[in-house]
Student: 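What follows is a single structure, and I will ask about it in a moment.
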Amino acid sequence: MKKIIFTLAVSLVFSASAFASSGNEVEKQEWSFNKLTANWEKDKIKRGYTVATQVCINCHSFKYVSHRNLMEVGFSEVEAMAMAATMDTKINKPLLSALEPTDAKDSFGKIPPDLSVINKAREGGADYVYAILTGYPEEIPIDFEGANYNTAFAGHNIAMPAPLSEDLIEYEDGTPATIEQMAHDVAYFLQWTAEPELLKRKKLGTYVLVYLFIFAILAILVNRRIWARLKK
Ligand code: HEC
């Protein structure tokens with residue numbers, strides 16, 4: 001037992017220091033999907049989808065996401081089909097960028113990664129994506145040499161030009177499209193595309209904990225009874 005605790009403690013310290021020493025600014029945000037009782041919120045998914053399909057898809061693909069997947073979070077088939085139609089695609093087709101990898105390489109020097117599971121692929125997940133999208137300061141260090149300065153990106157030199165600007169898009173629900181709002185919504189959307197089962201798993205975890213708690217209390221009560229009888 002001591003050994004296990006020791007190993008746990010050591011790995012905790014190591015992972016914490018690895019995170020701190022990367023030198024990039026990734027602040028923790030408040031995410032409603034972190035709440036134990038959360039469900040995926042249709043309105044947020046819709047806003048994140050809007051950012052993803054009006055902005056990000058110009059360069060990035062979402063090859064594991066199709067409009068049919070939207071039906072898992074409360075969109076009807078008719079709604080999903082209508083959304084696919086506005087993008088000139090079919091409900092079962094993956095969301096692919098029209099930008100060819102070779103053209104991307106010519107324009108940016110790098111190929112934009114597929115974003116379907118980016119929240120799992122990068123340390124920090126949604127916090128990281130949010131930090132990247134909001135990490136283009138107005139004033140950059142005078143000695144910076146490179147493509148674009150980004151406070152969250154490793155080495156601060158990122159090939160992606162700042163993709164968001166105030167009121168870049170218009171939300172159907174009237175939410176003001178600030179950079180922070182769009183960054184939050186699309187990072188939320190990408191959490192869903194990366195881990196659609198996350199909230200189910202969390203709820204299951206909670207049930208298991210409650211069950212174990214009740215079981216522990218029962219065990220204590222039974223134990224007491226047995227000893228009470230023995231002492232008599
Ligand atoms: C004009 C093209 C373009 C647009 C639009 C664009 N990106 Fe990118 N993105 C890139 C390129 C190029 C890279 C590769 C950057 C690098 O490795 O230096 C990248 C990289 C990224 C990364 C990965 C950073 C990493 O750790 O490797 C994330 C996350 C990302 N983009 C998110 C987004 C999101 C979300 C949107 C929509 C709001 C978006 N991008 C819009 C071109 C774009």
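We count ligands from 1, going down the list as the structure has it; atoms in each ligand are counted the same way. Since we're looking at a predicted model, the values are computed, not measured.
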Student: For the pair Tyr149 and Phe144, name the ring-plane relationship: parallel under 30°, tilted 30 to 60°, perpendicular over 60°.
Tutor: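 The arrangement is perpendicular - the two ring planes meet at more than 60°.
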
Student: List the closest protein heavy-atom neighbour of atom 17 (O) of ligand 1: residue, atom name, distance to the nearest 0.1 Å.
Tutor: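 Nearest protein contact, heavy atoms only, for atom 17 (O) of ligand 1 is Lys110 NZ, 3.3 Å.
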
Student: Indicate the atoms forming the closest heavy-atom contact of Arg47 with Tyr171, along with that distance.
Tutor: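 Reported closest heavy-atom pair: CB-CE2, 3.4 Å.
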
Student: Among all protein heavy atoms in this structure, tell me which lies nearest to atom 12 (C) of ligand 1, with the distance rounded to 0.1 Å.
Tutor: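 Minimum-distance protein heavy atom for atom 12 (C) of ligand 1 reads Phe108 CB, 3.7 Å.
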
Student: Tell me whether Glu77 is salt-bridged to Arg68, with the criterion being a basic N under 4.0 Å from an acidic carboxylate O.
Tutor: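 Result for this pair is yes, salt bridge flagged.
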
Student: Counting only heavy atoms closer than 4.0 Å, does ligand 1 sit against the backbone of Pro113, its side chain, both, or neither?
Tutor: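 The part of Pro113 near ligand 1 is the side chain, not the backbone.
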
Student: Of all the non-hydrogen atoms in the protein, which one sits nearest to atom 10 (C) of ligand 1, and at what distance?
Tutor: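 Among all protein heavy atoms, the one nearest atom 10 (C) of ligand 1 is Met160 CB, 3.3 Å.
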
Student: Tell me if the centroids of the rings in Tyr188 and Trp40 come within less than 6.0 Å of each other.
Tutor: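 So the answer is yes for these two rings.
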
Student: I would like to know whether Asn39 and Lys203 meet side chain to side chain donor-acceptor pair (under 3.5 Å); could you show each step before the answer?
Tutor: CA-CA 10 Å; Asn39 290 311; Lys203 279 197 195 110; 2.6 Å; yes

Student: Which ligand 1 atoms, with their elements, are less than 4.0 angstrom from a heavy-atom of Phe153?
Tutor: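 It comes down to these atoms of ligand 1: 16 (C), 17 (O), 18 (O), 24 (C), 25 (C), 26 (O), 27 (O).
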
Student: Would Lys42 pass as a cation-pi partner of Phe75, given that its NZ or CZ must be under 6.0 Å from the six-membered ring centre and within 45 degrees of the axis?
Tutor: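 Lys42 over Phe75 ring: yes.
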
Student: Checking a contact table here: which protein heavy atom is nearest atom 25 (C) of ligand 1, and how many Å away?
Tutor: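 Ranking protein heavy atoms by distance from atom 25 (C) of ligand 1, first comes Arg122 NE, 3.2 Å.
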
Student: To the nearest 0.5 angstrom, please state how far the NE2 atom of His67 sits from the OG1 atom of Thr53.
Tutor: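 One finds 6.5 Å between NE2 of His67 and OG1 of Thr53.
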
Student: Using a 4.0 Å heavy-atom cut-off, which part of Leu133 comes near ligand 1: side chain, backbone, both, or neither?
Tutor: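 Side chain only.
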
Student: Identify, by atom number and element, the atoms of ligand 1 in contact range of Val55, meaning under 4.0 Å from any of its heavy atoms.
Tutor: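 Reading through ligand 1 atom by atom, the close ones are 5 (C).
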
Student: Can you tell which of Leu115, Ile57, Val129 gets a heavy atom nearest to atom 28 (C) of ligand 1?
Tutor: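 The nearest heavy atom belongs to Leu115.
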
Student: Look at atom 3 (C) of ligand 1 and say which protein heavy atom is nearest, naming residue and atom and giving the distance to 0.1 Å.
Tutor: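 Looking at atom 3 (C) of ligand 1, the protein heavy atom closest to it is Cys59 SG, 2.6 Å.
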
Student: Starting from atom 31 (N) of ligand 1, find the nearest protein heavy-atom neighbour and note its residue, name and distance.
Tutor: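 Heavy-atom neighbour on the protein nearest atom 31 (N) of ligand 1: His60 NE2, 2.9 Å.
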
Student: May I ask you to check if any N/O/S atom from Cys56 comes under 2.8 Å of atom 8 (Fe) of ligand 1?
Tutor: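 Checking atom 8 (Fe) of ligand 1 against Cys56, no N, O or S atom falls under 2.8 Å.
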
Student: With atoms numbered from 1 as shown, which atoms in ligand 1 lie under 4.0 angstrom from a non-hydrogen atom of Tyr128?
Tutor: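 Counting atoms of ligand 1 from 1, those under 4.0 Å from Tyr128 are 24 (C), 25 (C), 26 (O).
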
Student: Nearest to atom 18 (O) of ligand 1, what protein heavy atom do you find, and at what distance?
Tutor: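 Result for atom 18 (O) of ligand 1: Ala159 N, 2.8 Å.
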
Student: To check you understand the geometry: which heavy-atom pair defines the closest contact between Ser116 and Thr193, and what is its length?
Tutor: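 For Ser116 and Thr193, the tightest heavy-atom pair comes out as O-OG1, 2.8 Å.
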
Student: How many angstroms lie between CG in Leu168 and OG1 in Thr178, if you round to the nearest 0.5 Å?
Tutor: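 So the CG of Leu168 and the OG1 of Thr178 are separated by 11.5 Å.
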
